Protein chains: 2
Amino acid sequence: MWILLVEDEKQLANSLKRGLEEEGYVVEVQHDGEEAELQGLVNDYDIVILDWRLPNRDGKEILEHWRKEDRNFPVLMLTALGDLDHKVSGLDAGADDYMSKPFSFDELLARIRALSRRSADISNTEIVKIGPIEVDARRHNVTVGGISLTLRQKEFVLLELLMTHLGTVFSKTQIAERVWGSAYYVSDNTIEATISTLRQKLNDTFEDIDTYKLGKNDQIIETIRGAGYRFNIDLFKDHKDS
Amino acid sequence: MWILLVEDEKQLANSLKRGLEEEGYVVEVQHDGEEAELQGLVNDYDIVILDWRLPNRDGKEILEHWRKEDRNFPVLMLTALGDLDHKVSGLDAGADDYMSKPFSFDELLARIRALSRRSADISNTEIVKIGPIEVDARRHNVTVGGISLTLRQKEFVLLELLMTHLGTVFSKTQIAERVWGSAYYVSDNTIEATISTLRQKLNDTFEDIDTYKLGKNDQIIETIRGAGYRFNIDLFKDHKDS
DNA sequence: TTGTTTTAAGCTTAATTTAAGGTTCCCCAT
DNA sequence: ATGGGGAACCTTAAATTAAGCTTAAAACAA
């Protein structure tokens with residue numbers, strides 16, 4: 001889950017970012033309204049959290065522009081306490097939900113979950129199931145043929161990314177950005193090592209189940225040399241579960 | 001797609017180069033402004049990414065010079081965050097888009113795609129189809145009569161180059177530059193060997209399909225002795241697909 | 001501490017280039 | 001015309017280089 005957080009109070013923004021990251025979300029923070037507007041036009045976030053009062057440009061303008069350009073990720077707007085006017089105008093402009101400051105972090109989480117459930121986008125299903133592999137984004141849990149396996153944060157987010165974008169090849173650069181949050185400072189090897197342990201955990205679990213057997217050369221996560229990685233949907237093509 | 005990246009921060013430049021190459025672009029990096037200016041005067045890049053603050057010469061001067069000399073490739077300028085003055089002066093000087101640092105790699109990709117779409121040049125369609133041969137630049141994938149064939153990076157870029165410039169004969173020097181990124185260090189034989197394996201893969205796949213049969217002496221990639229290579233459009237002239 | 005993440009190093013595999021000998025084509029002298 | 005001879009090009013296989021994998025150890029964070 002890729003979230004854009006637009007909030008100019010840096011301290012608040014950072015603590016929210018940290019909290020959300022602990023929950024397994026990948027969070028980009030933008031303090032400046034104008035910049036945020038561009039980012040939203042260009043990136044397909046799963047959710048945007050948008051403060052209504054911003055330097056340079058206000059939340060409403062931004063949101064209207066996005067909606068005019070058919071950017072239809074769910075938007076959760078943040079307003080000052082008691083600011084009912086803004087609430088109404090925001091929902092009119094196309095916001096999907098609102099929250100007034102101050103709010104509890106748990107409430108924020110709950111609303112984010114609700115929004116991602118409601119959203120039409122496939123990538124926001126709470127539970128993704130492909131063949132015997134089941135990813136529960138909410139509980140942060142993966143099972144293969146009913147057996148649960150313990151993945152670490154990065155492994156989990158990486159698997160989730162690949163499984164919610166079937167057919168897409170993600171380059172290392174894109175993976176760095178969407179799993180680690182930034183393309184800089186993440187070495188190739190870090191990603192390779194994570195892929196490696198993730199594959200091992202998946203394979204080990206497949207050995208323990210009876211319902212599906214992997215062939216000798218079957219790779220659940222394919223490597224496309226020079227280009228990136230992709231979830232190998234072909235392995236489960238016939239085997240329609242859901 | 002041939003891209004010139006002018007950026008003096010070497011670390012950033014290299015990571016962008018790598019990321020773009022993973023996407024199948026051919027990227028030339030130039031750290032020095034003066035050098036970059038010359039290269040832009042001489043080569044027909046598909047897109048130029050130009051940092052605004054450079055040693056020796058600043059982005060604006062370079063761009064103005066190019067535009068005065070009718071170099072009209074799209075230019076995406078990079079500015080420091082919040083540098084609105086530069087943004088305006090850059091767009092005035094003839095930049096087609098701008099992005100402020102730091103930016104996400106996906107955002108860069110999106111903007112490059114947008115620019116190449118916008119550009120008048122025919123060569124920028126995402127999917128090229130000629131007769132039964134289909135090249136999908138985005139997914140990095142070639143099919144002949146529906147059968148997908150696995151090309152290596154160099155083979156792919158070479159085929160793409162020829163198919164997006166129908167009728168044009170490319171000399172070995174030009175191919176070296178636009179497939180390998182630089183004419184130095186690439187021997188003629190390297191190119192010949194690549195052409196050879198590419199032809200074989202194409203021919204093999206044509207054997208497997210029923211919709212189109214190659215004649216005994218038909219060459220999909222023609223050799224023009226002493227001049228270079230060209231995609232043989234005549235083979236598919238009657239056979240109008242699209 | 002304890003668990004997670006990153007780095008390091010050697011290894012494996014695939015892509016790319018080089019090398020070497022073979023074709024084909026063209027020019028020129030016969 | 002015709003048959004060397006050379007240049008340009010083709011084709012394979014071998015050598016080289018690069019990309020990716022794996023494991024353990026180091027660094028970091030809770």
Side-chain angles (χ1 to χ4, degrees), chain A residues 18-19 21-24 26 140 149-159 169-173 175-176 179-204 216-230 232, chain B residues 14-15 17-19 21-24 26 140 142 149-159 169-173 175-176 179-204 216-230 232:
Chain A
R18 235 188 61 195
E21 281 174 348
E22 281 165 10
E23 292 294 315
V26 176
H140 228 247
L149 64 167
T150 52
L151 297 184
R152 288 169 308 193
Q153 188 79 2
K154 300 286 163 108
E155 292 166 348
F156 181 85
V157 176
L158 176 47
L159 179 62
V169 176
F170 285 91
S171 71
K172 291 213 181 79
T173 309
I175 289 172
V179 176
W180 274 260
S182 158
Y184 316 116
Y185 316 123
V186 183
S187 77
D188 282 6
N189 185 239
T190 300
I191 294 169
E192 288 156 12
T194 305
I195 288 270
S196 176
T197 54
L198 173 56
R199 277 178 175 157
Q200 282 172 34
K201 287 181 183 181
L202 287 170
N203 286 337
D204 289 354
K216 193 154 178 61
N217 295 319
D218 288 353
Q219 280 286 20
I220 297 166
I221 298 171
E222 293 176 283
T223 302
I224 289 89
R225 206 157 234 266
Y229 299 91
R230 174 173 61 189
N232 187 353
Chain B
N14 286 336
S15 76
K17 177 177 156 78
R18 206 199 63 195
E21 283 174 348
E22 283 169 345
E23 294 293 318
V26 176
H140 223 251
V142 178
L149 65 165
T150 52
L151 296 185
R152 288 168 305 183
Q153 191 82 355
K154 297 284 146 76
E155 292 166 348
F156 180 87
V157 176
L158 176 48
L159 179 61
V169 176
F170 286 92
S171 72
K172 293 215 178 77
T173 309
I175 289 172
V179 176
W180 275 260
S182 158
Y184 315 117
Y185 317 123
V186 184
S187 77
D188 283 4
N189 184 237
T190 299
I191 294 168
E192 288 156 11
T194 306
I195 289 268
S196 174
T197 54
L198 174 56
R199 278 176 173 157
Q200 281 173 35
K201 287 182 182 179
L202 287 170
N203 287 336
D204 289 354
K216 193 151 180 59
N217 295 320
D218 289 352
Q219 279 287 21
I220 297 166
I221 297 171
E222 294 175 283
T223 303
I224 289 89
R225 201 156 238 269
Y229 299 90
R230 174 173 61 190
N232 188 353

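Since the structure is predicted, the reported quantities are computational estimates derived from the model, not experimental observations. Residue numbers start from 1 in every chain, and the chains themselves are labelled A, B, ... in the order their sequence lines are given, proteins ahead of strands.
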Next item on the list: Using atom CG of B/D188 as one end and atom C1' of C/dT17 as the other, report the distance to the nearest whole Å.
Entry: 13 Å

Next item on the list: For the pair A/K172 and B/E22, find out whether any cationic side-chain nitrogen is under 4.0 Å from an anionic carboxylate oxygen.
Entry: no

Margin query: Please confirm whether the shortest side-chain N or O distance from B/T197 to OP1 or OP2 of D/dT11 is below 4.0 Å.
Written below: no

Check: Checking B/K201 side chain against B/T150 main chain: does a donor-acceptor pair fall under 3.5 Å?
Finding: yes

Next item on the list: Could you state the atom-to-atom distance from CD of A/E155 to C1' of C/dT4 in whole Å?
Entry: 9 Å

Next item on the list: Under the side chain to side chain contact (heavy atoms under 4.5 Å, CB included) rule, collect the residues that match up with A/A227, sequence neighbours excluded.
Entry: A/V169, A/I224

Check: Picking from C/dT16, D/dG20, D/dT11, which would you name as closest to the side chain of B/K154?
Finding: C/dT16

Notebook entry, point to check: Would one find a side-chain N or O of B/T194 under 4.0 angstrom from OP1 or OP2 of C/dT16?
Noted result: no

Margin query: So, does A/Q200 get its side chain near the phosphate of D/dT23, meaning an N or O under 4.0 Å from OP1 or OP2?
Written below: yes

Checklist line | B/R18/B/E21 ion pair, N-O < 4.0 Å | finding: no

What nitrogen or oxygen pairs link the protein and nucleotides 22-26 of chain C at under 3.5 Å?
{"unit_1": "C/dT24", "atom_1": "O2", "unit_2": "B/R225", "atom_2": "NH2", "d": "3.1"}

Check: What integer distance in Å separates B/E21:CD from C/dA15:P?
Finding: 17 Å

Checklist line | Under 3.5 Å: donor-acceptor pair, side chain of A/N232, backbone of A/Q219 | finding: yes

Next item on the list: Show the numbers, then the answer: is there a side-chain hydrogen bond (donor to acceptor under 3.5 Å, both in side chains) between B/T194 and B/E155?
Entry: CA-CA 6 Å; B/T194 306; B/E155 292 166 348; over 6 Å; no

Notebook entry, point to check: Closer than 4.0 Å, any side-chain N/O of A/R152 to the OP1 or OP2 of C/dG3?
Noted result: no

Note to self: Side-chain N or O of B/K172 versus OP1/OP2 of D/dC9: is the shortest distance under 4.0 Å?
What the structure shows: yes

Check: In whole angstroms, how far is the P atom of D/dG20 from the CD atom of B/E22?
Finding: 7 Å

Margin query: Does D/dC10 have its OP1 or OP2 closer than 4.0 Å to a side-chain nitrogen or oxygen of B/T223?
Written below: yes

Check: What is the distance from CG of A/L198 to C1' of D/dC21, rounded to the nearest Å?
Finding: 14 Å

Margin query: Has B/T190 got a side-chain atom pairing as donor or acceptor with B/V186's backbone, closer than 3.5 angstrom?
Written below: no

Next item on the list: Give the rounded distance in Å between these two atoms: CD1 of B/I175 and P of C/dT17.
Entry: 13 Å

Next item on the list: Select base, sugar-phosphate, or nothing to describe what A/Y229 touches, counting heavy atoms under 4.0 Å on all strands.
Entry: sugar-phosphate

Notebook entry, point to check: Can you tell me how far P of D/dC10 sits from CG of B/N203, to the nearest Å?
Noted result: 13 Å

Check: Are any of A/S196's side-chain N or O atoms less than 4.0 Å away from OP1 or OP2 of D/dT22?
Finding: yes

Check: Does C/dT16 have OP1 or OP2 sitting under 4.0 Å from an N or O in the side chain of B/W180?
Finding: no

Note to self: Without decimals, in angstroms, what is the distance between A/E192 CD and D/dT23 P?
What the structure shows: 14 Å

Note to self: If we count only N and O atoms by modelled type, under 3.5 Å, do the side chains of A/T223 and A/R199 hold a donor and an acceptor together?
What the structure shows: yes

Checklist line | Out of C/dT18, D/dC21, C/dT5, whichever nucleotide has its closest atom nearest the side chain of A/Q153 | finding: C/dT5

Notebook entry, point to check: How is A/S187 classified with respect to the nucleic acid when contacts are heavy atoms under 4.0 Å: base, sugar-phosphate, or nothing?
Noted result: sugar-phosphate

Checklist line | Presence of donor-acceptor pair under 3.5 Å, side chain of B/N189 and base of C/dT16 | finding: no

